[in-house]
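Input: a single structure, listed below in structure tokens.
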Amino acid sequence: MTLEQTLKQSTAAIFKEEFGADVPLDSVTLNITKKEHEGDYTIVVFSLTKISKQSPEQTAELLGNKLKEKSGIVAKYNVIKGFLNLSLTDAYWLNRLKEISENKAYGTFAANHKKVVLEYCGPNTNKPLHIGHVRNMLLGFSMSEILKAAGYDVTKVNIYNDRGINISKSMVAYLRYGNNSTPQSTGIKGDHFVGDWYVKFNEVSKEELKNIPNAPADHDEAQKLTPIFKEAQEMLLKWEAHDAETVALWKKMNGWVYEGFKQTFNLLGADFQKDYFESETYLLGKDIVEEGLQKNVFKKRPDGAVIVDLTPDGLDEKVLLRSDGTSVYITQDLATAQLRHEDFNMEKMIYVVANEQDYHFKVLKLALQKLGKKWADGIYHLSYALVESPTGRFKSREGKTADADDLISEVLRIAEEKTKELGKIEGFTEVEANTLYKTIGLGALKYFVLRVNPYKKIIFNPEESIDFHGHTGPFIQYTHARIKAILRKGAITDLAGFKNLPSLGDVERELIIHLSEYENTVYAAAEKYDPSEIANYVYSLAKLYNKFYHEFPILNAATEDEKKFRVALSNETGVTLKKAMKLLGIEVPEKM
RNA sequence: GACCCGGUAGCUCAGCUGGAUAGAGCAACAGUUUUCUAAACUGUCGGUCACUGGUUCGAAUCCAGUCCGGGUCACCA
């Protein structure tokens with residue numbers, strides 16, 4: 001039983017005994033005591049005065065007194081208005097620290113045998129990954145780590161938008177101007193290589209547009225009139241007709257893209273157990289639409305289009321099948337969802353997709369629920385906001401700053417520069433030094449992105465480099481390295497062997513309390529689908545430790561028991577920092 | 001027009017299942033190292049929690065309305 005439960009249940013039991021009333025555990029508010037007051041945990045008794053029929057002060061006084069008497073872990077208490085501040089005994093906290101240290105799996109929950117499929121990344125194959133994909137991948141990966149820690153059985157999948165007019169554009173431009181060049185022959189990373197041909201396509205169509213009189217103002221509409229666009233359309237038709245040459249070119253170019261993506265995935269640590277390709281699913285979904293018609297939850301309009309009426313749910317009518325009988329975007333998503341259900345029979349299906357598609361996923365879930373698919377209740381759209389520059393949305397034509405690979409290499413370069421400036425790599429081999437730059441640079445980037453709540457947009461100013469001081473990844477990494485230095489010098493094996501301690505210092509106590517909150521944090525992050533919970537937790541832990549480090553001598557402690565205790569506390573902080581950072585996909589160095 | 005999401009210090013963000021005097025980092029300024037890693041620590045400065053009203057013993061937090069910013073409402077994906 002957790003401390004929280006213990007205190008709440010004791011409170012309920014006392015109220016039952018004193019007033020004969022049942023107090024639901026949820027109605028007891030229990031918080032960590034604010035710094036400016038004495039105590040570890042605070043019970044807010046205002047809501048309980050209805051039962052006690054006494055003043056807040058009297059109620060708190062009574063409850064405090066009884067808790068001290070009966071719980072065995074409350075050392076003292078004080079009452080300020082309706083706030084009952086409880087100080088637990090040092091013995092409780094020391095025991096708690098031992099308990100945590102001895103539990104190797106602290107912070108991971110027992111397997112619940114619930115299957116989760118988590119889709120993330122979802123790139124188009126006609127252009128390289130950009131900063132939005134970076135946020136997506138970091139969120140997706142971290143979320144899967146958090147859910148695993150919470151006991152779920154997670155399978156990560158990716159979906160490639162590998163077909164359609166966009167890749168056809170790259171193909172046409174390459175055919176026209178490529179001269180059989182390759183990523184190898186040009187030394188350009190595969191996804192960038194193909195992306196460059198996409199850019200070339202747009203340049204050419206712009207040129208061609210100059211020769212077209214009375215072109216519409218709308219750029220997309222105008223482009224459709226250009227010869228090169230028409231070639232792309234023909235290309236797409238040929239692809240759909242399985243023309244051998246076209247398919248071969250498509251495969252070749254997508255192959256280059258996948259090679260390129262793979263490098264970026266490796267750098268960021270993204271991985272997938274299964275890949276889905278839109279080219280294999282874009283025709284699917286007609287069965288499921290037919291099923292809906294038979295169940296009378298979808299309707300066929302006079303013009304032949306099939307729709308689902310979501311007006312009772314506050315949404316609109318949505319077309320699920322075109323009047324010519326072909327699929328739309330949502331059609332294949334319905335089918336893909338069904339397919340995944342058959343593949344995995346999962347409890348939850350999480351889609352990590354930008355918030356532009358909030359509406360789409362509402363429709364998807366509702367449509368499946370209307371079909372009577374129970375498993376659709378487990379669909380969750382992990383929606384995240386865009387990454388923007390201070391002047392607004394990153395446009396692809398702003399190129400450089402929004403490109404994922406450029407962003408990564410920039411942050412690695414800064415990490416190297418700063419590390420060298422600080423003279424941190426004395427005694428490192430070149431390999432070790434390079435590993436360190438990577439650890440720190442990626443740590444800075446990942447933390448920068450993950451510390452922000454997913455539904456809030458991130459403002460990223462490419463003019464100012466990502467920070468390495470303060471509330472950042474490197475700060476936490478540094479704290480870990482610092483702890484490791486202590487442990488190397490401390491050389492204490494019997495970590496839990498301290499006894500006969502004088503009373504705990506405030507910061508020592510706060511540190512143990514904070515460590516004790518780790519499992520709650522993991523649980524909350526999983527419940528809320530929010531890695532920023534972990535990010536903020538781990539920062540405050542590191543901050544607290546640094547305060548402790550400055551205030552208390554560790555290896556030079558006055559007594560051997562104090563030294564052992566402080567080393568043990570340091571060790572456990574280091575272990576927890578590492579575990580928490582791992583949930584964010586961030587490595588933590590031994591030295592830096 | 002309808003719906004969704006945001007608006008907290010100069011900047012970037014916590015806090016939002018209602019609780020005490022709203023917290024961090026950055027920036028600025030002033031300090032801390034003959035002692036365990038100064039990517040650290042301590043202090044100063046900085047707030048009409050967008051606005052108005054409501055609910056409540058108590059509102060940054062809940063409700064209603066207004067304003068600002070973004071998004072969506074395709075037989076595009």
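Every heavy atom of this structure was used, including side-chain atoms; hydrogens, water molecules and symmetry mates were not. The structure presented is a predicted model; accordingly, all values stated were derived computationally and were not measured. Throughout, protein chains are lettered first and strands after them, A, B, ... in sequence-line order, and every chain is numbered starting at 1.
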Counting only Watson-Crick pairs (N1-N3 plus N6-O4 or O6-N4) and G-U wobbles (N1-O2, O6-N3), all under 3.5 Å, who is the partner of [N]?
N	answer
B/C67	B/G7
B/U21	none
B/C41	B/G31

Between [N] and [M], how far is it from one [atom1] atom to the other, in whole Å?
N	M	atom1	answer
B/A20	B/C26	P	26 Å
B/G15	B/U55	P	29 Å
B/C62	B/A40	C1'	41 Å
B/U44	B/A2	P	49 Å
B/G31	B/C67	C1'	45 Å

On a heavy-atom basis, which atom in [X] and which in [Y] lie closest, and how many Å separate them?
X	Y	result
A/Lys446	A/Leu584	CD-O, 4.4 Å
A/Ala385	A/Arg135	O-NH1, 2.8 Å
A/Asp162	A/Ile167	O-CG2, 3.7 Å

Do [X] and [N] have a side chain to base donor-acceptor pair shorter than 3.5 Å?
X	N	value
A/Lys424	B/U37	yes
A/Thr472	B/A39	no
A/Ser532	B/A14	no

Give one of base, sugar-phosphate or nothing for [X], where a contact means two heavy atoms less than 4.0 Å apart.
X	answer
A/Asp26	nothing
A/Tyr447	nothing
A/Gln477	nothing
A/Asn161	nothing
A/Asn85	base
A/Phe468	base
A/Pro56	nothing
A/Ile554	base

For [N], does either OP1 or OP2 sit under 4.0 Å from a side-chain N or O belonging to [X]?
X	N	result
A/Lys81	B/C57	no
A/Lys456	B/G6	no
A/Lys543	B/A24	no
A/Lys489	B/U37	yes
A/Arg482	B/A38	yes
A/His550	B/U32	no

d([atom1], [X]; [atom2], [N]) in whole Å:
X	N	atom1	atom2	answer
A/Leu310	B/C3	CG	P	16 Å
A/Leu366	B/C73	CG	P	16 Å
A/Glu36	B/G19	CD	C1'	13 Å
A/Phe83	B/G58	CZ	P	13 Å

query: From B/A39, B/C75, B/C13, pick the nucleotide closest to the side chain of A/Arg451?
result: B/C13
field: Pair A/Tyr537 and A/His514, ring centroids less than 6.0 Å apart
entry: yes
Centroid distance under 5.5 Å and plane angle under 30°, [X] vs [N]:
X	N	result
A/Phe46	B/G19	yes
A/Tyr478	B/A40	no
A/His37	B/A20	yes

- prompt: Is the A/Tyr380 ring parallel, tilted or perpendicular to the A/Tyr529 ring (thresholds 30°, 60°)?
  reply: parallel
- request: Take the angle between the ring planes of A/Phe277 and A/Tyr160 and call it parallel below 30°, perpendicular above 60°, tilted in between.
  value: parallel
query: Taking C-beta and beyond as the side chain, do A/Val23 and A/Thr11 meet within less than 4.5 Å on heavy atoms?
result: no
